Amino acid sequence: MQRRSFLKKAGVGLAAGAVAAPAIGQGAQPEVKWRLAASWPKSLDTLYGAAEHVSKRCASATNGKFQIQVFAAGEIVPALQVLDAVQNATVQCAHTAPYYFFGKDPTFAFACAIPFGLNARQQNAWMYHGGGLELMREFMKDYNVYNIPAGNTGAQMGGFFRKELKTVADMKGLKMRIGGSAGVVMQKLGLVPQQIAGGDIYPALEKGTIDAAEWVGPYDDEKLGLYKWRSITTTPAGGRAAPSSISSSTPRRGPSCPRTTKRSSKRLAPRPISTAWRSTMR
């Protein structure tokens with residue numbers, strides 16, 4: 001049996017078993033429809049697919065009473081503006097990487113990944129058993145956002161480069177697409193960090209706007225076509241050896257939501273943490 005097929009089916013089976021308890025959607029309850037703005041293009045079936053996974057499970061667990069319509073980056077708002085869209089109620093929720101908003105406050109990175117930080121298991125342990133989730137939710141109150149972890153890529157790759165890096169000096173002046181607080185570390189080495197959404201990386205490389213780029217890993221990088229541009233790559237991403245924990249954020253004072261619907265979103269959203277991670281290992 002192919003490893004990819006086995007892992008995918010095993011993940012779905014485990015998730016289905018977890019919801020087999022008394023159905024969350026039993027009993028009379030109003031129908032709720034939300035829109036979700038993702039930071040990913042549809043071509044990324046791991047990341048965009050994780051948002052779809054949340055949507056399908058919430059609908060299934062509530063007998064179709066809680067429906068979340070997923071929109072790819074750019075369909076409602078640009079990839080890096082999904083947090084603003086949640087704050088101003090343009091959408092009810094978003095699926096994104098919190099460290100994209102490092103410029104608003106460096107604390108956002110702790111809900112995602114920091115240079116030489118925690119690995120996937122450690123990040124999840126801190127979030128669910130070490131008080132991390134409570135700290136992040138307290139912080140995000142100021143942004144009118146309630147965050148729910150909903151995905152994890154695991155450790156990421158170093159990047160694709162226009163030319164081979166032989167010494168640290170080769171980084172000086174290099175314009176590189178790199179997200180979050182990792183750019184601050186690389187800046188100390190002379191590199192010029194650029195914050196660019198996933199779907200815009202390849203065009204930026206082709207136009208020469210940037211000299212290098214990193215995204216996630218072999219599977220997702222192939223989906224973006226980065227291998228077509230240059231074959232010179234490095235691994236792992238020392239500046240971001242921690243996983244990229246993706247959060248589904250909803251407005252604190254958004255539309256009213258039945259208690260059973262709230263329970264389903266909190267219970268089911270974390271599932272893609274394992275399934276998305278498995279997908280990147282195919």
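Values below: all heavy atoms of this structure, side chains included; hydrogens, waters and symmetry mates excluded. The structure displayed is predicted, hence computed values, not measured ones.
- For the pair Arg35 and Phe71, the minimum side-chain heavy-atom distance is below 4.5 Å.
- At least one side-chain heavy atom of Met127 sits under 4.5 Å from a side-chain heavy atom of Met136.
- Between Glu214 and Phe160, every side-chain heavy-atom pair lies at or beyond the 4.5 Å cut-off.
- How far NZ of Lys33 is from NZ of Lys65: 11.0 Å, rounded to the nearest 0.5 Å.
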| said: Between Leu174 and Val192, does the side-chain contact (heavy atoms from CB on, under 4.5 Å) criterion hold? Intermediate values first, please. | reply: CA-CA 6 Å; Leu174 198 71; Val192 183; over 6 Å; no
Could you pull out all donor-acceptor pairs under 3.5 Å where a side-chain atom in residues 100-109 meets a protein atom, sequence neighbours excluded?
{"from": "Lys104", "atom 1": "NZ", "to": "Asp84", "atom 2": "OD1", "distance (Å)": "3.0"}
{"from": "Asp105", "atom 1": "OD1", "to": "Thr107", "atom 2": "N", "distance (Å)": "2.8"}
{"from": "Asp105", "atom 1": "OD1", "to": "Thr107", "atom 2": "OG1", "distance (Å)": "2.7"}

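- Evaluation of the side-chain hydrogen bond (donor to acceptor under 3.5 Å, both in side chains) test over residues 187-196, restricted to residues two or more places apart or in two chains, returns none.
- The shortest distance between side-chain heavy atoms of Pro98 and Asn147 does not fall below 4.5 Å.
- Between Phe66 and Thr62, the closest heavy-atom pair is N-OG1, 3.0 Å.
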| Going through the distances and angles, do Phe116 and Ile114 end up as a side-chain contact (heavy atoms from CB on, under 4.5 Å)? | CA-CA 6 Å; Phe116 305 100; Ile114 58 174; over 6 Å; no
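- Of all the heavy atoms in Gln122 and Leu118, the pair that sits closest is OE1-CA, 3.5 Å.
- To the nearest 0.5 Å, atom OG1 of residue Thr96 and atom CG of residue Leu36 are 10.0 Å apart.
- Nearest heavy-atom pair, Gly154 versus Ala120, reported as atom, atom and distance to 0.1 Å: CA-CB, 4.4 Å.
- Of all the heavy atoms in Ala150 and Val54, the pair that sits closest is CB-CG2, 4.3 Å.
- Residues forming a side chain to side chain donor-acceptor pair (under 3.5 Å) with Glu75 (at least two apart in sequence, or on another chain): Lys42.
- Expressed to the nearest 0.5 Å, how far CD of Gln123 lies from OH of Tyr128 amounts to 10.0 Å.
- Partners of Glu222 by side-chain contact (heavy atoms from CB on, under 4.5 Å), not counting sequence neighbours, listed by chain and number: Tyr227.
- Within the 4.5 Å cutoff, side-chain heavy atoms of Leu83 are placed close to those of Val145.
- Under the side chain to side chain donor-acceptor pair (under 3.5 Å) criterion, Lys172 pairs with no residue at all, not counting sequence neighbours.
- Here the shortest heavy-atom pairing between Gly183 and Ile178 reads CA-CG2, 3.9 Å.
- Summarising the geometry of Ala51 relative to Val70, their closest heavy-atom pair is O-CG2, 3.8 Å, with the distance given to 0.1 Å.
- In this structure the side chain of Met186 reaches within 4.5 angstrom of the side chain of Met171, judged on heavy atoms.
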Listed pairs under 3.5 Å, donor-acceptor, residues 197-213 side chains, sequence neighbours left out:
{"from": "Tyr202", "atom 1": "OH", "to": "Glu206", "atom 2": "OE2", "distance (Å)": "3.4"}
{"from": "Asp211", "atom 1": "OD2", "to": "Lys175", "atom 2": "N", "distance (Å)": "2.9"}

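- A salt bridge between Lys141 and Glu138 is present, with a side-chain N of the basic residue lying under 4.0 Å from a carboxylate O of the acidic one.
- How far SG of Cys112 is from CG of Asn152: 8.5 Å, rounded to the nearest 0.5 Å.
- Between the CD1 atom in Ile148 and the OH atom in Tyr146 there is a gap of 6.0 Å [rounded to 0.5 Å].
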| query | Can Trp40 and Asp45 be said to form a side-chain contact (heavy atoms from CB on, under 4.5 Å), step by step? | reply | CA-CA 9 Å; Trp40 336 110; Asp45 58 348; over 6 Å; no
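- Here the CD atom belonging to Gln81 is positioned 10.0 Å from the OG1 atom belonging to Thr90, to the nearest 0.5 angstrom.
- Side-chain contact check for Trp215 versus Arg177: some heavy-atom pair is nearer than 4.5 Å.
- Within the 4.5 Å cutoff, no side-chain heavy atoms of Pro193 are placed close to those of Met176.
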